[in-house]
Amino acid sequence: MRPLTQDESKAVFEKLANYIGKNLVHLVDRQDEAHCFRLHKGRVYYVSEASMKLGISVARPNLVSLGTCLGKFSKAGKFKLHITSLDYLAQYAKYKVWIKPNGEMPFLYGNHILKAHLGRITEDTPEHQGVVVYSMNDVPLGFGVTSRSTVDTRKLDPTAIVVFHQADVGEYLRDEDTLF
């Protein structure tokens, strides 16, 4: 488990900033306890420094995980967020989308969100912006990227895609073998 390099940090922070914007400061400078980002076997973990110091005593081959896995780097060097980062994305999300009950199951099966399934959307959401997807009961279900801005969304027909699927809580069941 090692600290992120400059390029790795840039890739992680750019991806997180797409979803939580300026609230990224709250992840880095926490009031309760210092946290840091660590890389282990291609995965980026968000760990409290106290837990990290305890984890140093475990040999690298024996260490499975430590802290919360935010995502992983692909072989091409691109960073992909995992569904395990949803707790932090939902907590600090800048733009949000709520879907109707009839749209929850298709989203949880990995489909994009259609205009017919859209319940609410944060005002002034730009095009290609990262959003956190909630049920109408304010339960975070996943995250995605908007296909259109809020203004353009109102003009769309009901079968048009509004949010491109990135990750959802159904992945805990579908990808349980490869997720951790």
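What you see is a predicted model, and the numbers here were worked out from it, not measured in a lab. Residue numbers start at 1 and run along the sequence shown.
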Q) Which is it for Val133 and Asp168 under the side chain to side chain contact (heavy atoms under 4.5 Å, CB included) test, yes or no, and what are the steps along the way? A) CA-CA 9 Å; Val133 178; Asp168 63 80; over 6 Å; no
Q: Show your reasoning for whether side chain to side chain contact (heavy atoms under 4.5 Å, CB included) applies to Phe73 and Val12.
A: CA-CA 9 Å; Phe73 282 99; Val12 170; 3.8 Å; yes
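The existence of a salt bridge linking Lys78 and Glu14 is excluded, since no basic side-chain nitrogen approaches an acidic carboxylate oxygen closer than 4.0 Å.
Here the closest non-hydrogen pair linking Tyr45 and Ser65 is CE2-OG, 3.6 Å. Pairing each heavy atom of Lys100 with each of Met136, the nearest pair is CA-CG, 4.0 Å. Closest approach of Tyr95 to Glu123, counting heavy atoms only: CE2-O, 4.3 Å. Shown here for Thr125 and Thr146, the closest heavy-atom pair between the two residues is CG2-CG2, 3.8 Å.
Atom NE2 in His117 sits 12.0 Å away from atom CE in Met105 (nearest 0.5 Å). We find the CE-NE2 distance between Met52 and His35 to be 11.0 Å, quoted to the nearest 0.5 Å. Remark: Ile20 CD1 to Tyr88 OH distance equals 11.0 Å, nearest 0.5 Å. The line from CG of Leu16 to CZ of Phe37 is 6.0 Å long, rounded to the nearest 0.5 Å. Put simply, NZ on Lys53 and SG on Cys36 are 9.5 Å apart, with the number rounded to the nearest 0.5 Å. Distance check, rounded to the nearest 0.5 Å: CG of Leu86 to OG1 of Thr68 gives 11.5 Å.
Aromatic ring orientation, Phe164 versus His112: perpendicular (interplanar angle above 60°, classes split at 30° and 60°). Between Phe143 and Tyr19, the angle of the ring planes goes over 60°, which puts this pair in the perpendicular group of the 30/60° scheme.
More than 12 non-hydrogen atoms from other residues, nucleotides or ligands lie less than 6.0 angstrom from CD of Glu33. Atom NZ of Lys41 sits in a crowded spot, with more than 12 heavy atoms from other residues, nucleotides or ligands closer than 6.0 Å.
A donor-acceptor contact under 3.5 angstrom links the side chains of Ser51 and Ser48, judged on distance only. A side-chain donor-acceptor contact under 3.5 Å links Asp157 and Thr159.
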